[in-house]
Amino acid sequence: MSTGEYMPDARGELHVHAVITYIWQLRPVRVKGNNRAAKRVELAGKASTCIRLLEGDPVANSQESEVAMWRMEVADDSSPGSYFHVQILGREEDEKFPHSLDVPRLPGALVSPFACAEFILAELFQERWSAHADRDFQDVRDWRTVQARRLRRQLNWHLEEIERTAGSPWSSWKRAKPPSTLFLKQP
């Protein structure tokens, strides 16, 4: 429960917690005829992580109400928006951002469920999470290595797309689809 810690000096008015759900449809990638456990996977459908912020204490069984919701997603090839995007989308037609209006699809970083968990921890616990994440522990160093490699590859790919276009960089970025090898380890 974040008791206002989403603001500096814990000055936020709400007491909120996050619920993270995700659907990532993955398929193992193996050399034909190899039946050993796959070391790589590829997207085979949806890749969506939903973050909901709820006010109320689930431990005390108090009434909870949703105060915010967004999804961090990887689009498919037919998507009209940015390949990696954040989408604010309501669940009902009478809400702001109704389900039938699937914009905005804001460009974003590739966000695995684990990266989303770190993101929301950093948002809800501004000072405490920074103090924890900046510590020099082996698990933090391992996570940093994985995340830094993924972000560097994605940002470099975006920069290459922007540099390559003769037209609007924004439109180019929005339309671009990354190579399937973007996040694979290079030999």
Side-chain angles (χ1 to χ4, degrees), residues 17-54 58 66 68-91 97-125 129 132-133 137-162 164 171-187:
H17 63 278
V19 174
I20 301 171
T21 56
Y22 57 92
I23 297 172
W24 277 62
Q25 297 171 326
L26 305 173
R27 175 178 33 243
V29 176
R30 295 185 188 94
V31 175
K32 191 170 183 159
N34 180 352
N35 292 329
R36 288 185 288 163
K39 293 184 179 183
R40 293 186 350 205
V41 294
E42 65 184 359
L43 286 177
K46 289 184 178 183
S48 177
T49 303
C50 180
I51 299 171
R52 297 173 54 225
L53 294 184
L54 304 174
E66 185 175 287
M69 188 273 291
W70 65 93
R71 293 192 318 255
M72 300 174 112
E73 301 182 315
V74 179
D76 64 19
D77 288 338
S78 64
S79 173
S82 297
Y83 197 75
F84 304 108
H85 63 269
V86 178
Q87 190 164 25
I88 303 164
L89 188 63
R91 298 179 193 279
F97 299 106
H99 195 289
S100 59
L101 179 66
D102 59 353
V103 294
R105 290 175 290 266
L106 304 167
L110 174 68
V111 284
S112 68
F114 299 111
C116 287
E118 181 179 10
F119 171 79
I120 198 60
L121 285 167
E123 285 292 296
L124 292 183
F125 304 101
W129 186 254
H132 174 77
F137 290 134
Q138 185 62 46
D139 58 344
V140 174
R141 287 191 300 271
D142 292 344
W143 180 241
R144 183 208 177 284
T145 300
V146 170
Q147 287 301 95
R149 183 178 60 239
R150 288 178 184 162
L151 284 171
R152 193 177 303 110
R153 287 183 180 167
Q154 184 182 358
L155 294 171
N156 285 336
W157 168 70
H158 279 301
L159 183 58
E160 289 167 10
E161 286 298 316
I162 289 168
R164 187 180 335 209
S171 291
S172 173
W173 184 7
K174 181 181 175 309
R175 287 189 312 270
K177 306 295 184 214
S180 61
T181 58
L182 182 65
F183 297 110
L184 297 180
K185 269 189 176 177
Q186 306 303 316

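Hydrogens, waters and symmetry mates play no part in the numbers below; they use all other heavy atoms, side chains included.
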query = Do Val86 and Met72 touch side chain to side chain, with heavy atoms closer than 4.5 Å?
reply = yes

inquiry  = I need the Arg52 CZ to His17 NE2 distance, nearest 0.5 Å.
reply    = 8.0 Å

request  = Might you point out which heavy atoms bring Gly108 and Gln154 nearest each other, and give the distance in Å?
outcome  = O-NE2, 3.1 Å

message = Taking atom NZ as the centre, does Lys46 end up with more than 12 heavy-atom neighbours from other residues, nucleotides or ligands that are less than 6.0 angstrom away?
response = no

request  = To the nearest 0.5 angstrom, please state how far the OG1 atom of Thr49 sits from the CD1 atom of Ile120.
outcome  = 12.5 Å

request  = Compare all side-chain heavy atoms of Phe84 with those of His158 and state whether any distance is below 4.5 angstrom.
outcome  = yes

query = Of all heavy-atom pairs between Val140 and Ala133, which one has the smallest distance, and what is that distance?
reply = CG1-O, 3.3 Å

message = Working to the nearest 0.5 angstrom, can you tell me the gap between Arg105 CZ and Ser82 OG?
response = 8.5 Å

task = Indicate the atoms forming the closest heavy-atom contact of Tyr83 with Pro178, along with that distance.
result = CD2-CD, 3.3 Å

query = Is there side-chain contact between Pro107 and Lys174, with heavy atoms separated by less than 4.5 Å?
reply = no

task = Please name all residues satisfying salt bridge (charged side-chain N to carboxylate O under 4.0 Å, His left out) with Arg164, sequence neighbours left out, ordered by chain then number.
result = Glu161

request  = Walk me through it: do Leu43 and Leu26 pass the test side chain to side chain contact (heavy atoms under 4.5 Å, CB included)?
outcome  = CA-CA 5 Å; Leu43 286 177; Leu26 305 173; 3.6 Å; yes

query = Do other residues, nucleotides or ligands put more than 12 heavy atoms under 6.0 Å from Arg141 CZ?
reply = yes

request  = Find the distance between CZ (Arg144) and CG (Leu151) and round it off to the nearest 0.5 Å.
outcome  = 10.0 Å

request  = Give the C-alpha distance, both sets of side-chain angles, the deciding distance and a yes or no for side chain to side chain contact (heavy atoms under 4.5 Å, CB included) between Phe114 and Ile20.
outcome  = CA-CA 10 Å; Phe114 299 111; Ile20 301 171; over 6 Å; no

task = With sequence neighbours left out, write down each residue that passes salt bridge (charged side-chain N to carboxylate O under 4.0 Å, His left out) with Arg152, or none if nothing qualifies.
result = none

request  = To the nearest 0.5 Å, tell me how far Trp157 CH2 sits from Trp173 CH2.
outcome  = 9.0 Å

query = Would you say the side chain of Trp24 lies within less than 4.5 Å of the side chain of Pro113, judging by non-hydrogen atoms?
reply = yes

note = So CD of Glu118 and CH2 of Trp129: to nearest 0.5 Å the spacing works out to 6.0 Å

inquiry  = Check this for me: Arg30, atom CZ, are more than 12 non-hydrogen atoms of other residues, nucleotides or ligands nearer than 6.0 Å?
reply    = yes

Salt bridge (charged side-chain N to carboxylate O under 4.0 Å, His left out) partners of Arg150, counting only residues at least two apart = none

inquiry  = Please determine whether side chain to side chain contact (heavy atoms under 4.5 Å, CB included) holds for the pair Leu106 and His85, giving the CA-CA distance in whole Å, both sets of side-chain angles, and the decisive distance to 0.1 Å.
reply    = CA-CA 5 Å; Leu106 304 167; His85 63 269; 5.8 Å; no

query = Can Asn156 and Glu160 be counted as having a side-chain donor-acceptor contact under 3.5 angstrom?
reply = no

